[in-house]
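Notes for the one structure printed next.
No experiment lies behind these values; they were computed from the predicted model shown.
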Amino acid sequence: MLAAMPPSPTSRPDRAGPPVRDRGDACPGALRLHSAADGQLARVRLPAGDLTVRQAIALGDAAERLGDGQLSLTSRGNVELRGLPDDCGHRLADLLADAGLLPSVRHERIRNVLASPLAGLDRHTPSDVRLWARSLDALLCASEPATALSGRFLFVLDDGRGDVAGLGGDVSLLAESGRRAPERTSYPPGSASGYGALLRVGDDRTALRIAADDVPRAALTAAECFLAAAAERGDGAWRVRELPAARPLTAREVRDALRTVGIAAECTDAVGPHPAVPYADVTAPGPVEGSDGRRALVVLAPLGRLSVAQWRLLTAIAADDGSGALRLTPWRGIVVPGLSAAAADRRLRDLATAGLITDPASPWRRVTACTGLPGCAKSRTDVRGDAATALAGGGSVPADSSDVPVGLPVHWSGCERRCGHPHGAWVDVLASPEGYRTTVVRPKYPAPSPVSRETTEPALVSRETPTASYSTPSSTPPSTTPRPQ
């Protein structure tokens, strides 16, 4: 039977969108575990997806000793541990804290920071926004007001290529190489004063141009500005897009807040990444050549899940041949930086043999799935098994589906929540009581630039294609709100 659903939120007359919430944020974390059908679930936040070898070893040990021997990668570059026993909370917390993965107990669920995974690694990267991410994380963990943020609030830091700028950030920043930042009286020695960054809140089409050195503090100030707006509007919003349509958080409000803390900001119509720069594609597995002759390896986890053995192989490669670090991507991939050309070729073969996705032409590359049965009681079927069967047969959608656009991501969902679905346009393979329905999902409105490719909840626009039917655990309709992972 399905677990009891939480009370329905109260409707809101001023907006045909997310309603007023009358319950607290139950988003799981490393300390607040979620009870799933296969045991307890922990979601470990990894700002910018960064991991040292020591931290990666600790996560592998946690999955093996406490969990089901698997590590799940999420669409926000975090890690989930599943199959945990009910009494493991203290042991898990101690293990993660010892590895430096819990810098603040009170802030651990709000450390949701995405950054361009290849920043500083490929030949054409304009700036290393990873430094922004580390500074922002430190500021978050030191901010008392920030503890009021939801576990779903998202910061996005893009190095200028536009890879993460469209992933639905509440506060999004896009580096602008070569553009003059707003004038400041002085810059710290060695600072990046030669370029600025664009800051956008939610879907506001006006952006703020700020100095690169101000980015971390500006991002935190924008988040605190949202908290003040949510409290003043009184709608219980967890994210910027959930504020009342008649009273959204605007760039001008944020600009005024920035100026009060000494951060110069100019309103501008945002522009996108430079189209002529041949940036490497982090969504494509394979080697990436850096400016120093070293290589970064990009691999993807099939359906976002790795065994402990696969995880330890990646960790060993990072320790023995790489720079001693790993980066997780929001496309459920792993980047291993710092390999020589010879080591990169050899290790890529090892990773392919271990079952990871290393070929850009692999049909597994663009396919993801929610947890499904037996891990999630709300799912109508084993979507991961069904997706694997479809892929083994040479397709990425149910056999009876047709006319699916080539190149779009495909996401299999066991219920209408569509947990972990991609952003932008994607192919929705949804389990229904009558069978799978295959539908193309597109944003309702095009965004003005890659800083915000998706401006609203997706609209289903193509035909539905039912396939073979299967049994349903319960007739209780699940929530239709997609959940970030």
* Structure fact -> Of all heavy-atom pairs linking Val440 and Pro405, the shortest is CG2-CD, 3.6 Å

* Backbone N/O of Gln70 and side chain of Arg82: donor-acceptor pair under 3.5 Å -> no

* Asked: At their closest point, which heavy atom of Ala115 faces which heavy atom of Val129, and how far apart are they?
  -> CB-CG2, 4.2 Å

* Asked: Would a 4.5 Å heavy-atom cut-off, applied to side chains only, mark Leu101 and Leu59 as touching?
  -> yes

* Asked: Is the shortest heavy-atom distance from the side chain of Leu173 to the side chain of Ile210 under 4.5 Å?
  -> yes

* Taking NZ, NE, NH1 and NH2 as the nitrogens, is one of them in Asp321 or Arg295 under 4.0 Å from a carboxylate oxygen of the other? -> no

* Sidechain-backbone polar pair: His107 side chain, Leu140 backbone, donor-acceptor under 3.5 Å -> yes

* Side chains of Asp50 and Arg327: closer than 4.5 Å at any heavy-atom pair? -> yes

* Passes side-chain hydrogen bond (donor to acceptor under 3.5 Å, both in side chains), Arg152 versus Asn112? Steps please. -> CA-CA 7 Å; Arg152 302 183 187 185; Asn112 296 304; over 6 Å; no

* Carboxylate-amine/guanidinium proximity below 4.0 Å for Asp159 and Arg161 -> yes

* Give me the ring orientation class for Phe155 and Phe153: parallel if the planes are under 30° apart, tilted from 30 to 60°, perpendicular past 60°. => perpendicular

* Output the distance between atom CD1 (Ile110) and atom OG (Ser143), rounded to the nearest 0.5 Å. => 7.0 Å

* Minimum heavy-atom distance Ala237-Ala230, with the two atoms named -> O-CB, 4.1 Å

* Asked: When the ring planes of His421 and His411 are compared, do they come out parallel, tilted or perpendicular, using 30° and 60° as the limits?
  -> perpendicular

* Shortest non-hydrogen contact from Leu174 toward Gly160 -> CD1-CA, 3.7 Å

* Short side-chain to backbone donor-acceptor contact, Trp132 and Ala212, under 3.5 Å -> yes

* Asked: Has the side chain of Thr221 got a donor or acceptor atom that lies under 3.5 Å from a matching backbone atom of Arg217?
  -> yes

* Answer yes or no: is there a donor N or O on one side and an acceptor on the other, between the side chain of Glu289 and the main chain of Arg294, under 3.5 Å? => no

* **Side-chain H-bond candidate by donor/acceptor type, Asp25 with Ser150, under 3.5 Å** => yes

* **Separation of Glu253 CD from Leu258 CG (nearest 0.5 Å)** => 12.0 Å

* Structure fact -> To the nearest 0.5 Å, atom CZ of Arg349 lies from atom CG of Asp345 at 6.0 Å

* Asked: Do the non-hydrogen side-chain atoms of Val335 and Leu326 ever get within less than 4.5 Å of each other?
  -> no

* **Intermediate values then yes/no, side chain to side chain contact (heavy atoms under 4.5 Å, CB included), Ser172 and Asp158** => CA-CA 8 Å; Ser172 300; Asp158 193 292; over 6 Å; no

* Taking NZ, NE, NH1 and NH2 as the nitrogens, is one of them in Glu80 or Arg43 under 4.0 Å from a carboxylate oxygen of the other? -> yes

* To do: Applying side chain to side chain contact (heavy atoms under 4.5 Å, CB included), run through Asp203 and Arg241 and close with a yes or a no.
  => CA-CA 7 Å; Asp203 298 323; Arg241 293 165 182 81; 3.1 Å; yes

* Beyond-backbone contact of Val299 with Leu348, side-chain heavy atoms, under 4.5 angstrom -> yes

* Asked: So, do Trp412 and Pro398 sit near enough that their side-chain heavy atoms are less than 4.5 Å apart?
  -> yes

* Asked: Any salt bridge between Asp428 and Arg418, counting N to O under 4.0 Å?
  -> yes

* To do: Decide, yes or no, whether a salt bridge links Asp350 with Arg347 under the criterion of side-chain N to carboxylate O below 4.0 Å.
  => yes

* From CG (Leu208) to CZ (Arg252), nearest 0.5 Å -> 9.0 Å

* To do: Applying side chain to side chain contact (heavy atoms under 4.5 Å, CB included), run through Thr358 and Leu297 and close with a yes or a no.
  => CA-CA 9 Å; Thr358 61; Leu297 291 185; over 6 Å; no

* To do: Give a yes or no on whether the backbone of Asp61 and the side-chain of Glu64 come within a donor-acceptor separation of less than 3.5 Å.
  => no

* N/O donor-acceptor pair under 3.5 Å between Arg209 side chain and Leu199 backbone -> no

* To do: Say whether, by atom type as modelled, one donor and one acceptor occur between the side chain of Ser413 and the main chain of Cys415 under 3.5 angstrom.
  => no

* Asked: How far does CZ of Arg45 sit from CG of Leu96, to the nearest 0.5 angstrom?
  -> 12.5 Å

* Asked: Got Val282 and Asp122 here, is their nearest side-chain heavy-atom distance under 4.5 Å?
  -> no

* Within the distance-only criterion (no hydrogens, no angle test), does the side chain of Thr260 pair as donor or acceptor with the backbone N or O of Ala257 below 3.5 angstrom? -> yes

* For the pair Leu114 and Leu167, evaluate side chain to side chain contact (heavy atoms under 4.5 Å, CB included) and give the outcome as yes or no after the intermediate values. => CA-CA 9 Å; Leu114 281 181; Leu167 297 185; 3.9 Å; yes

* Heavy atoms only: give me the nearest Pro117-Val164 pair and the separation to one decimal. => CD-CG1, 4.2 Å

* When you check the side-chain N and O atoms of Thr283 and Arg365, is any donor under 3.5 Å from an acceptor? -> yes

* To do: Evaluate the side-chain proximity of Ser75 to Arg332: yes if any heavy-atom separation is below 4.5 Å, no if none is.
  => yes

* **Gap between atom CG of Leu149 and atom CG of Leu227 - 0.5 Å precision** => 4.5 Å

* To do: Determine the minimum heavy-atom distance between Ala318 and Ala325, stating which atoms define it.
  => CB-O, 3.6 Å

* Go through the steps to decide whether Asp163 and Ser116 satisfy the test side-chain hydrogen bond (donor to acceptor under 3.5 Å, both in side chains), and finish with yes or no. => CA-CA 6 Å; Asp163 58 345; Ser116 297; 2.8 Å; yes

* Short question: side chain of Glu176, backbone of Ala197 - any donor-acceptor pair under 3.5 Å? -> no

* To do: Report the residue from Val429, Val397, Val427, Leu391 that forms a side chain to side chain contact (heavy atoms under 4.5 Å, CB included) with Val367.
  => Leu391

* Judged by modelled atom types alone, do Ser72 and Arg305 share a side-chain donor-acceptor pair under 3.5 Å? -> yes

* Asked: Hey, are Asp137 and Arg111 close enough for a salt bridge, meaning a charged N less than 4.0 Å from a carboxylate O?
  -> yes

